[in-house]
Amino acid sequence: DEVSDKLDILIAEFPKSITCNNLLGMLSLHTKKFDDAKNYFDIAYKNGSDLKVYNNNLSIIYSTKGSDLFALEDYSEALNYFLSAIKQGPLNPLINYINVHKCYRKLDDFEAAEMVLFDAVNIVPNSFIIYYHLFEMEMERGQYDKALNYANKSYELSSNFDDSFNKLPL
């Protein structure tokens, strides 16, 4: 196809380009060619790409594999990939924490599911999404008093988010 041909020309002309290799890595990731994606990210890193960018890219590979396995209801293996994504040091780890939480819930390990979200609160203390997932879990467990507390906290934080957003000078 025409786009692939242009990308092949681009990488042939600029084989050490960090931008080109990261772009090709993301495109490979999008088409589920995980090994190709990692190879492109490795080349970009060897040619000077920032370590944080490299780790984030690898985290995205693990997270994508985890999401694919979660969709196939292989929660134990998905959990392993999501934990690897967190360990890799993503720039925004919250989605991975939530995915780990969801895996633990599917595996009926509610204590671990709760602990993961409390870890996430330490990283992103004002995330209403974390409290929403705690609310959802407690509803599932029939712990309605705890669920109500989490719902209120989620609402309080989301209201603050909405208020902050509405105050932006747009």
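Below, all heavy atoms of this structure are taken into account, side chains as well, without hydrogens, waters or symmetry copies. Residue numbers start at 1 and run along the sequence shown.
A search for side chain to side chain donor-acceptor pair (under 3.5 Å) contacts involving Lys38 returns Asp42, not counting sequence neighbours. Taking the side chain to side chain donor-acceptor pair (under 3.5 Å) definition, one finds that Tyr104 meets it with nothing, sequence neighbours left out. Remark: Thr19 engages Ser17 in a side-chain contact (heavy atoms from CB on, under 4.5 Å) (not counting sequence neighbours). Under the ring pair (Phe, Tyr, Trp, His ring centres under 6.0 Å) criterion, Phe135 pairs with Tyr132, sequence neighbours left out.
Applying the ring-ring contact (aromatic ring centres under 6.0 Å, His included) test to pairs two or more places apart or on separate chains, those with a residue in residues 68-89 are Phe70-Tyr75. Sorted pairs that involve residues 119-130 and meet side-chain hydrogen bond (donor to acceptor under 3.5 Å, both in side chains), not counting sequence neighbours, are lacking altogether.
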Enumerate donor-acceptor pairs with a distance under 3.5 Å from any side-chain N or O in residues 105-112 to protein atoms, sequence neighbours excluded.
from: Arg105; atom 1: NE; to: Glu140; atom 2: OE1; distance (Å): 3.1
from: Arg105; atom 1: NH1; to: His101; atom 2: NE2; distance (Å): 3.4
from: Arg105; atom 1: NH1; to: Glu136; atom 2: OE1; distance (Å): 3.2
from: Arg105; atom 1: NH2; to: Glu140; atom 2: OE1; distance (Å): 2.6
from: Asp109; atom 1: OD1; to: Ala112; atom 2: N; distance (Å): 3.2

Distance-only donor-acceptor pairs under 3.5 Å for side chains of residues 55-66, two or more places apart:
from: Asn55; atom 1: OD1; to: Gln88; atom 2: NE2; distance (Å): 2.8
from: Asn56; atom 1: OD1; to: Leu91; atom 2: N; distance (Å): 2.9
from: Asn57; atom 1: ND2; to: Asn22; atom 2: OD1; distance (Å): 3.1
from: Asn57; atom 1: ND2; to: Val53; atom 2: O; distance (Å): 3.4
from: Ser59; atom 1: OG; to: Ala85; atom 2: O; distance (Å): 3.0
from: Ser63; atom 1: OG; to: Asn96; atom 2: OD1; distance (Å): 3.0
from: Thr64; atom 1: OG1; to: Ile60; atom 2: O; distance (Å): 2.7

Identify every side-chain donor-acceptor pair in residues 143-152 under 3.5 Å, counting partners at least two apart or on other chains, and give the distances.
from: Lys146; atom 1: NZ; to: Glu114; atom 2: OE2; distance (Å): 3.3
from: Asn152; atom 1: ND2; to: Leu148; atom 2: O; distance (Å): 3.3

For residues 27-35, which side-chain N or O atoms pair as donor and acceptor with protein atoms under 3.5 Å away, sequence neighbours left out?
from: Ser28; atom 1: OG; to: Leu24; atom 2: O; distance (Å): 2.9
from: Thr31; atom 1: OG1; to: Leu27; atom 2: O; distance (Å): 3.3
from: Thr31; atom 1: OG1; to: Ser28; atom 2: O; distance (Å): 3.1
from: Lys32; atom 1: NZ; to: Asp68; atom 2: OD1; distance (Å): 2.9
from: Lys32; atom 1: NZ; to: Asp68; atom 2: OD2; distance (Å): 3.3

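Note on Met139: it clusters hydrophobically with Leu117, by side-chain heavy-atom contacts below 4.5 Å among ILVMFWY residues.
Taking every heavy atom of both residues into account, Ile130 and Val124 meet most closely at CD1-O, 3.6 Å.
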